[in-house]
Amino acid sequence: MFAWQFAQMLAISDGNGWARFITMQNHYNLLYREEEREMNPLCCAEGVGLIPWSPLARAFSPAVARRKQPGRKR
């Protein structure tokens, strides 16, 4: 989800008197850090808590990735 979409949803919930979002579970880990640019500042400004999804990149290990490369010798 883009930050502008989440901001729109917050505005709609406020405008209609609905319950606000209190947390945002975003895709954020050591490999994918795009959320730092827009979503994290928006959530901080709006008082929405952040819950990272897949913080360890689904157990991605550079050593395992190197071993899986074809033709790689030890």
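All values below were derived from every heavy atom in this structure, side-chain atoms included, with hydrogens, water molecules and symmetry-related copies excluded.
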- Item | Exercise: identify the closest heavy-atom pair between Ala3 and Leu42 | O-CD2, 3.3 Å
- Message: One pair to check against side-chain contact (heavy atoms from CB on, under 4.5 Å): Asn26 and Ile51. What are the steps and the verdict?
- Response: CA-CA 7 Å; Asn26 52 3; Ile51 303 171; over 6 Å; no
- State, to 0.1 Å, how close Met39 and Met1 come at their nearest heavy-atom pair, and which atoms those are. CE-O, 3.6 Å
- Should Phe2 and Glu38 be marked as a side-chain contact (heavy atoms from CB on, under 4.5 Å) after you check the CA-CA gap, both sets of side-chain angles, and the distance that decides it? CA-CA 8 Å; Phe2 295 108; Glu38 294 183 4; 5.7 Å; no
- Query: Are Met9 and Leu50 linked, directly or through other ILVMFWY residues, by side chains that come within less than 4.5 angstrom of each other?
  - Reply: yes
Got a list of side-chain donor-acceptor pairs under 3.5 Å for residues 15-24, not counting sequence neighbours?
residue	atom	partner	partner atom	Å
Asn16	ND2	Ile12	O	3.1
Arg20	NH1	Asp14	OD1	3.1
Arg20	NH1	Asp14	OD2	2.7
Arg20	NH2	Glu46	O	3.1
Arg20	NH2	Glu46	OE1	3.0

